[in-house]
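Starting from 1, each residue takes its place in the sequence as its number.
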Amino acid sequence: MSKRRHNNKKEIIEHLLDSTLFDSAINTNDSILSNLFELKNAKHQKDKCHDRCHDRCHDCCDDCCHDCCDDHHHDCCHDCRKKKCRKCPTGPTGPTGPTGGTGGTGGTGPTGPTGPTGGTGGTGGTGPTGPTGPTGGTGGTGGTGGTGGTGGTGPTGPTGGTGGTGGTGGTGPTGPTGPSGCCPCTNLLDNSGFDLSGAGAPPADWTSLRATVADFPNAHSGRFVASATTPVIQSVGILGLDPNPPVGTTALPGYISQRIETGISGGCCFTLSFAADVRDGGILVASVSFTPSQTCIPLITNTGTPGGTVTDNPLLDENIPHIVAVSNQPQSVFQHYTLVVCAPLNATAACITFQNIGNPAEGGRSFVDNVVFENTGGPCESCSQNF
């Protein structure tokens, strides 16, 4: 290699590139020398294109011309462009150059197609309760639920108004025969045979005036009272009424009377029966009156006045049921009498009375025995006394 002076750095580099010593001395591990080696190869390629242009080689191309121009080989570039060259054949691929530095981040590319739907994620925790929404419309009526158990008995409500009378129902079966509405059907009198008092005494359980108990033979019947073998045969004897009492006085008849309240009901029918021995001008009157509408005890009285005796008779005035027994039988012979009566609707008690309004002397005493007063029917809606 000729030794001549190089005037600038370019000439020095070109000289090195032309030197054959450069090929043997290059160390490819040195980055600077490696770059110079690549430049040497490029220069040789361009020189070859330049020589071909001058030799009118039609293999030269615009790529060579551009490379010449880029390396400031103006004469080559000028000559090359004057030629109508065809494309030069592609030379062998040079070795891969070192990786250049990372360039700047390019602009964001277009959004890619939507990928497939991912799997369902796990259920998240329950969020806080939201505010109450508006009330929804009323739903359709649900089916009737099953009948609930019977509730406890509630308090009794106020009594409602009386409803209209319903239609008459069918006749029910005949029930058992009940007791009569006017019971009991037994003798309602106490000591009706006058056997509970001693002879000559007033009869027990009866209200009386000038009446005493009599024994045999002035008795009709009796019963066993204290002895298992000897019965008591007794009756009651009643004296008569003074027909001419002194002026200003009132004479009362001898009588016996008993008031009965148990078993007396309005509309019920009763029967009074008894045995009597009326003698020597005596007049025995038996009666049944009902309170409160009738007098108890209904006695017939005589009152002496200047003008004569005045008789007061409530049996007549008040239409009290009664029966009069007269002296039409021999002495000590008893006859039976019966009186049927009915109680007024307002009756609360009955008053059974026997009085002698005849001869007041001892011979005119009337005897009464075996008295029975019992219920015999009813009740009735109404009744009238027929005696």
[Y] backbone acceptor or donor facing [X] side chain under 3.5 Å:
{"X": "W206", "Y": "N191", "value": "yes"}
{"X": "N302", "Y": "D242", "value": "yes"}
{"X": "N356", "Y": "I238", "value": "yes"}
{"X": "N375", "Y": "G377", "value": "yes"}
{"X": "R259", "Y": "T207", "value": "no"}
{"X": "T353", "Y": "S257", "value": "no"}
{"X": "D369", "Y": "S221", "value": "yes"}
{"X": "D277", "Y": "F367", "value": "no"}
{"X": "Q355", "Y": "P298", "value": "yes"}
{"X": "R210", "Y": "L239", "value": "no"}

Subject >> Separation between SG of C380 and CG of L345, rounded to the nearest 0.5 Å >> reply: 9.5 Å

Original post:
How long is the span from the CD1 atom in I300 to the CG atom in L316, to the nearest 0.5 Å?
Top reply: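 Nearest 0.5 Å value for the CD1-CG distance: 9.0 Å.
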
**OP:** Check the angle between the aromatic planes of F274 and F354 and answer parallel, tilted or perpendicular using the 30° and 60° thresholds.
**Re:** perpendicular

Original post:
Step by step, would you call Y337 with L284 a side-chain contact (heavy atoms from CB on, under 4.5 Å)?
Top reply: CA-CA 11 Å; Y337 300 88; L284 180 66; over 6 Å; no

**OP:** With side-chain contact (heavy atoms from CB on, under 4.5 Å) as the test, would you mind laying out the steps for I260 and F373 before giving the verdict?
**Re:** CA-CA 10 Å; I260 301 173; F373 182 76; 3.8 Å; yes

Subject >> disulfide (SG to SG under 2.5 Å) between C351 and C296, worked out >> reply: CA-CA 6 Å; C351 188; C296 181; 2.2 Å; yes

**OP:** Kindly determine whether F270 and L188 satisfy side-chain contact (heavy atoms from CB on, under 4.5 Å), including the steps that lead there.
**Re:** CA-CA 10 Å; F270 297 89; L188 301 178; 4.1 Å; yes

**OP:** Would you sort out whether E318 and S289 count as a side chain to side chain donor-acceptor pair (under 3.5 Å), showing the intermediate values?
**Re:** CA-CA 9 Å; E318 300 176 20; S289 59; over 6 Å; no

